[in-house]
Structures are given as structure tokens and as C-alpha cells.
Chemist: 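To start, I am sharing the structure in question, which I have written as C-alpha cells.
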Amino acid sequence: MKQFTFLIIFIIVATACKEVFDIPPQSRLKATLVNAVTKKDTTYVITIKPIGHDSLFYNKERSGSFILPFSPGESTSFQITFDSVIDTITFFHKTTTQYESMESGFYYEYKLKQIKSTLHKVSSIQITDSLINSTLHENIKVYIRPLSSGSN
């Protein structure tokens, strides 16, 4: 009987001490691609690499939008290839740390201050919502010059 009681107490203690861990929310920028001539959403084959890091976020994927993480510093830069034409986009932002909960901890929230870009394929970039937080929504519109043949 002692062993049975000990087993029940052990099971109760083991389940009560189970760690609770929620993944903290992620703040990511969402961009929509727009044809600069027709002003309609469009798709391109895109490849996106962060500058200064060895990773690849998109690799020759056809898409009309993309989602990017930011670094905790004051700026984040990406090399983006649109249909084999390379542009560099640098985002200048204010970074603040937000507390989510005891289980998931802290996460970063960003406020876009300025965007600079090369203008090879990119015509312009419009900020639609400067706050980048855990709610995924459109933050920028990237206006892309279509191919001269008018295929986009």
C-alpha cells in the first residue's frame, strides 16, 4: 500500500512540475508587391538574403508578398532579387522590447522610421503601417517596375 501511495504522490508532483513554455511572439514585416505602372498587386520570382548574415529567406519563389524578420539594432538590410534584378533595401527602425508573459518572456517590436533602396527594379516603397508587432499585417508596399515587354 505504501508503494501505491508513493506512486500516486510521485505522479501528482511530476505533472505539477511540468514546465510551461510558450514561444514568444515574433514581430515581422509584411510587404506586398505592386506593379508600379498598373498599381495592382503582382507576383515576381524573388530571392531574399539578409546582408551580413549567412541565411536565405526566399529562394526563387514566386510570390506577391514576403515576410521579413528584423535585427534588434537600428537598421536591417536585405538583398532582394526580383526576376533576376538585384535591389538592396535598408530599413531604419526603432526597436523596443515588449513583455509578453512569464511563460513566453520578451519580444521585439519595431517602428519604421525610414526606408532606403536601390532603384534597379524597385520604383518606390510606401509605408502603410510603421508599427511592426506580433500581429502580422501589411507594413509596406513595394512598387516594382514591370518588364519592358509588359509581361507583368
Side-chain angles (χ1 to χ4, degrees), residues 13-152:
V13 169
T15 57
C17 293
K18 187 174 116 177
E19 285 189 44
V20 176
F21 177 74
D22 292 330
I23 296 173
Q26 301 290 318
S27 297
R28 302 197 185 278
L29 173 126
K30 183 175 181 187
T32 303
L33 301 178
V34 179
N35 184 307
V37 175
T38 65
K39 306 293 188 233
K40 294 182 180 178
D41 292 356
T42 188
T43 61
Y44 286 91
V45 175
I46 58 174
T47 299
I48 302 177
K49 295 187 259 186
I51 294 176
H53 299 283
D54 292 333
S55 53
L56 191 62
F57 294 132
Y58 292 82
N59 188 16
K60 298 180 183 174
E61 295 179 32
R62 179 163 284 284
S63 181
S65 65
F66 54 85
I67 298 169
L68 297 175
F70 277 6
S71 65
E74 293 180 5
S75 67
T76 306
S77 297
F78 298 93
Q79 180 182 8
I80 304 178
T81 305
F82 300 100
D83 290 338
S84 73
V85 178
I86 298 172
D87 272 300
T88 300
I89 300 176
T90 301
F91 300 93
F92 297 93
H93 49 82
K94 179 182 176 191
T95 306
T96 57
T97 305
Q98 298 294 325
Y99 177 73
E100 174 66 18
S101 68
M102 190 171 186
E103 292 81 22
S104 60
F106 294 88
Y107 70 97
Y108 293 113
E109 197 170 82
Y110 307 96
K111 178 86 170 174
L112 283 175
K113 297 192 305 189
Q114 183 181 15
I115 302 172
K116 290 189 177 181
S117 170
T118 57
L119 301 174
H120 303 285
K121 189 79 170 171
V122 173
S123 173
S124 64
I125 300 174
Q126 174 190 6
I127 298 174
T128 56
D129 187 357
S130 62
L131 182 62
I132 301 167
N133 57 22
S134 60
T135 305
L136 188 60
H137 58 282
E138 179 186 80
N139 300 102
I140 64 170
K141 287 184 186 245
V142 181
Y143 291 89
I144 307 294
R145 290 185 185 91
L147 296 173
S148 59
S149 65
S151 62
N152 277 340

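Reckoned from all heavy atoms, side chains included, excluding hydrogens, waters and symmetry mates. Positions are given from 1 along the sequence.
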Chemist: With rounding to the nearest 0.5 angstrom, report the CZ to OG1 distance, F78 to T88.
Modeler: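 Taking CZ in F78 and OG1 in T88, the distance rounds to 11.5 Å.
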
Chemist: Between K111 and S130, is any side-chain donor less than 3.5 angstrom from a side-chain acceptor?
Modeler: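 Yes, a side-chain donor-acceptor pair sits under 3.5 Å.
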
Chemist: OG/S134 to CD/Q98 distance, rounded to the nearest 0.5 angstrom?
Modeler: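 If I round to the nearest 0.5 Å, the distance is 9.0 Å.
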
Chemist: Does OH belonging to Y108 count more than 12 external heavy atoms closer than 6.0 Å?
Modeler: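 At most 12 heavy atoms, drawn from other residues, nucleotides or ligands, come within 6.0 Å of this atom.
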
Chemist: Is it true that D87 and T118 share a donor-acceptor pair across their side chains at a distance under 3.5 Å?
Modeler: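 T118 vs D87: donor-acceptor pair found between side chains.
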
Chemist: Kindly indicate, with the supporting measurements, whether the criterion side-chain contact (heavy atoms from CB on, under 4.5 Å) is fulfilled by V122 and I80.
Modeler: CA-CA 10 Å; V122 173; I80 304 178; over 6 Å; no

Chemist: How about I144 and D83: do any of their side-chain heavy atoms sit closer than 4.5 Å?
Modeler: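 Side-chain contact under 4.5 Å: no.
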
Chemist: What's the spacing between I89 CD1 and I140 CD1 if we round to 0.5 Å?
Modeler: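 Rounded to the nearest 0.5 Å, the CD1-CD1 separation comes to 6.0 Å.
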
Chemist: Which pairs would a plain distance check flag for residues 47-57, meaning a side-chain donor or acceptor within less than 3.5 Å of a matching protein atom at least two apart in sequence or in another chain?
Modeler:
from	atom 1	to	atom 2	distance (Å)
T47	OG1	K60	N	3.0

Chemist: Answer yes or no: does atom CD of Q114 have more than 12 heavy-atom neighbours from other residues, nucleotides or ligands under 6.0 Å?
Modeler: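 Yes, enclosed.
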
Chemist: Measuring from R145:CZ to N35:CG, what's the distance to the nearest 0.5 Å?
Modeler: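 So the CZ of R145 and the CG of N35 are separated by 11.5 Å.
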
Chemist: Can a donor-acceptor pair be found between the side chains of S71 and T76 at a distance below 3.5 Å?
Modeler: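 S71 vs T76: donor-acceptor pair found between side chains.
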
Chemist: With rounding to the nearest 0.5 Å, note down the distance linking OG1 in T43 to CD in E61.
Modeler: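 Nearest 0.5 Å value for the OG1-CD distance: 12.5 Å.
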
Chemist: Do any N or O atoms from the side chain of K94 and from the backbone of L112 form a donor-acceptor pair under 3.5 angstrom?
Modeler: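 Checked: no pair found.
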
Chemist: Looking at every non-hydrogen atom in both residues, tell me the closest pair between K30 and H137 and how far apart they are.
Modeler: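 Taking K30 first and H137 second, the nearest heavy atoms are CB-O, 3.2 Å.
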
Chemist: Partners of F70 by ring-ring contact (aromatic ring centres under 6.0 Å, His included), sequence neighbours excluded?
Modeler: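 Partners of F70 under the ring-ring contact (aromatic ring centres under 6.0 Å, His included) test: F91, H93, Y110.
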
Chemist: Atom OG in S101, atom CZ in F106: separation rounded to 0.5 Å?
Modeler: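 One finds 10.0 Å between OG of S101 and CZ of F106.
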
Chemist: For the residue pair F82 and Y44, does the interplanar ring angle fall in the parallel (under 30°), tilted (30 to 60°) or perpendicular (over 60°) class?
Modeler: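 Correct class here is perpendicular.
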
Chemist: Hey, does the side chain of S123 reach the backbone of A36 with a donor-acceptor pair shorter than 3.5 angstrom?
Modeler: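 No; judged by distance alone, with no hydrogens or angles, the pair does not exist.
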
Chemist: Considering non-hydrogen atoms only, spot the tightest contact between I67 and R28 and give its length.
Modeler: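 Here I67 and R28 meet closest at CG2-CB, 3.5 Å.
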
Chemist: Quick one: does P69's side chain get under 4.5 Å of Q26's, heavy atoms only?
Modeler: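 No - every pair of side-chain heavy atoms lies 4.5 Å or more apart.
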
Chemist: Please test V37 against Y143 for side-chain contact (heavy atoms from CB on, under 4.5 Å), starting from the C-alpha separation and ending with a verdict.
Modeler: CA-CA 9 Å; V37 175; Y143 291 89; over 6 Å; no

Chemist: Closest heavy-atom contact between V142 and A31?
Modeler: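 Heavy atoms of V142 and A31 come nearest at CG2-CB, 4.2 Å.
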
Chemist: Search all heavy atoms of S63 against all heavy atoms of I46 and return the closest pair with its distance.
Modeler: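 Distance-wise, the nearest heavy atoms are CB-CD1, 4.1 Å.
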
Chemist: Within the distance-only criterion (no hydrogens, no angle test), does the side chain of T32 pair as donor or acceptor with the backbone N or O of K141 below 3.5 angstrom?
Modeler: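 No.
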
Chemist: Specify the closest pair of heavy atoms between N139 and L131, including all atoms of both residues, with the distance to one decimal.
Modeler: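 Scanning both residues, the minimum pair turns out to be ND2-O, 3.1 Å.
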
Chemist: Check whether more than 12 heavy atoms from other residues, nucleotides or ligands sit under 6.0 Å from atom NZ of K40, and answer yes or no.
Modeler: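 Count not over threshold, so no.
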
Chemist: Main chain of L119, side chain of S117: is a donor-acceptor contact present, judged purely on distance under 3.5 Å?
Modeler: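 Flag not set: sc S117 to bb L119 has no pair under 3.5 Å.
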
